[in-house]
Amino acid sequence: MTDTIAQFEHVISICRDLYAKKLKDYGPSWRIMRPQSITDQIFIKANRIRSIETKGECKVNEGIRSELIAIVNYGIIGLIQLELGYSDGEDISVEKALELYDKYMDETKRLMYAKNHDYDEAWRSMRTSSYTDLILMKIYRTKQIENNEGKTLVSEGVDANYMDMINYSLFGLIKLEYGE
């Protein structure tokens, strides 16, 4: 588990570094996005991964790795938006956006570490294309929950689905960084 934690921390640092750099470039302009728009953005990224996996090639100079990083970061943004709601402008500082990133990544990591313990790192034996399919399934579930105005009868909410999408993306990033 020690190696696993180090691997997770490494890929998370890659994602956070890009998030921080984009905050410097754009500020927290994403604050205007409603959760449904974030879900759709994650869908675009996951669908592109599936397209690349299916076709075996990509014509844009960014591959699967950049899309997995984007899913992680949009997932965190989604969790932030669920807490704060969307706004009509940039209403938080870069520092606050980083603080919220760390808060939600810590929550997501705790969930992943608990599941990783219970499932005994079964994700390591999965095909990376299965992560893509699971992310897409989670997106469709999230869209349905959003269409139901956040109400579920027995299922987890949008936040749990975002966390699962983040974790499947981190699994994929680990496999890309460290191999099978």
Side-chain angles (χ1 to χ4, degrees), residues 1 4-16 18-19 30 33-53 64-84 86 100-178 180:
M1 187 70 166
T4 297
I5 291 171
Q7 290 172 352
F8 273 103
E9 293 300 331
H10 174 72
V11 296
I12 288 167
S13 72
I14 292 168
C15 297
R16 188 185 188 282
L18 182 62
Y19 176 86
W30 46 263
M33 293 180 77
R34 292 169 282 189
Q36 297 87 342
S37 298
I38 295 166
T39 302
D40 286 342
Q41 189 64 30
I42 295 170
F43 170 75
I44 289 168
K45 303 298 185 184
N47 199 60
R48 181 164 183 268
I49 293 169
R50 187 169 174 152
S51 174
I52 293 168
E53 289 171 345
I64 291 172
R65 182 179 187 270
S66 65
E67 302 298 4
L68 290 170
I69 293 169
I71 292 170
V72 169
N73 288 343
Y74 275 112
I76 296 292
I77 288 169
L79 292 168
I80 294 169
Q81 295 297 77
L82 289 174
E83 176 186 332
L84 301 182
Y86 64 92
L100 289 165
Y101 186 97
D102 293 339
K103 172 188 173 184
Y104 283 105
M105 185 55 80
D106 285 344
E107 285 182 27
T108 302
K109 278 193 307 190
R110 280 195 303 273
L111 174 68
M112 184 276 306
Y113 291 150
K115 286 184 175 185
N116 201 40
H117 172 271
D118 289 355
Y119 289 95
D120 202 25
E121 297 198 345
W123 63 271
R124 289 196 183 271
S125 299
M126 293 172 62
R127 295 174 187 93
T128 54
S129 60
S130 293
Y131 306 145
T132 307
D133 293 347
L134 288 165
I135 291 167
L136 285 165
M137 179 192 65
K138 294 288 183 176
I139 291 166
Y140 283 111
R141 286 181 177 181
T142 300
K143 285 182 172 205
Q144 185 62 47
I145 295 167
E146 290 169 346
N147 291 343
N148 292 339
E149 298 176 2
K151 295 178 181 83
T152 60
L153 297 175
V154 296
S155 302
E156 298 173 311
V158 171
D159 57 341
N161 283 286
Y162 280 153
M163 286 184 188
D164 285 345
M165 289 181 238
I166 292 165
N167 283 327
Y168 289 129
S169 297
L170 292 171
F171 296 160
L173 286 167
I174 287 172
K175 285 201 170 187
L176 287 174
E177 291 286 317
Y178 297 97
E180 294 292 323

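Computed over heavy atoms, backbone and side chain alike; hydrogens, waters and symmetry mates excluded.
A donor-acceptor contact shorter than 3.5 Å is absent between the side chain of Glu177 and the backbone of Gln7. Lys175 contributes a side-chain N or O that, together with a main-chain N or O of Met126, makes up a donor-acceptor pair within less than 3.5 Å.
Using bins of under 30°, 30° to 60° and over 60° for the plane-to-plane angle, the ring pair Trp123/Tyr131 lands in the tilted bin.
Within a 6.0 Å sphere centred on OH of Tyr140, other residues, nucleotides and ligands contribute 12 heavy atoms or fewer.
Between Tyr101 and Trp30, the ring center distance fails the sub-6.0 Å criterion.
Distance check: Glu107 CD to Lys103 NZ gives 6.0 Å after rounding to the nearest 0.5 Å. Summarising the geometry, atom NZ belonging to Lys109 is positioned 10.0 Å from atom CG belonging to Leu170; distances are rounded to the nearest 0.5 Å. Of the inter-residue distances, the one linking Ser51 atom OG with Ile44 atom CD1 reads 13.0 Å to the nearest 0.5 angstrom.
Looking at every heavy atom in both residues, Leu136 comes nearest to Ala46 through CD2-CB, 3.7 Å.
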Under 3.5 Å, which donor-acceptor pairs link side chains of residues 156-163 to any protein atom two or more places apart or in another chain?
unit_1: Asn161; atom_1: ND2; unit_2: Gly157; atom_2: O; d: 2.9
unit_1: Tyr162; atom_1: OH; unit_2: Pro35; atom_2: O; d: 3.2
unit_1: Tyr162; atom_1: OH; unit_2: Thr39; atom_2: OG1; d: 2.9

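Within the cation-pi definition used here (under 6.0 Å to the ring centroid, within 45° of the axis), Lys45 does not qualify as a partner of Tyr74.
For the side-chain contact (heavy atoms from CB on, under 4.5 Å) test, residues two or more places apart in sequence or in another chain that qualify with Arg127 are Ser129, Ser130.
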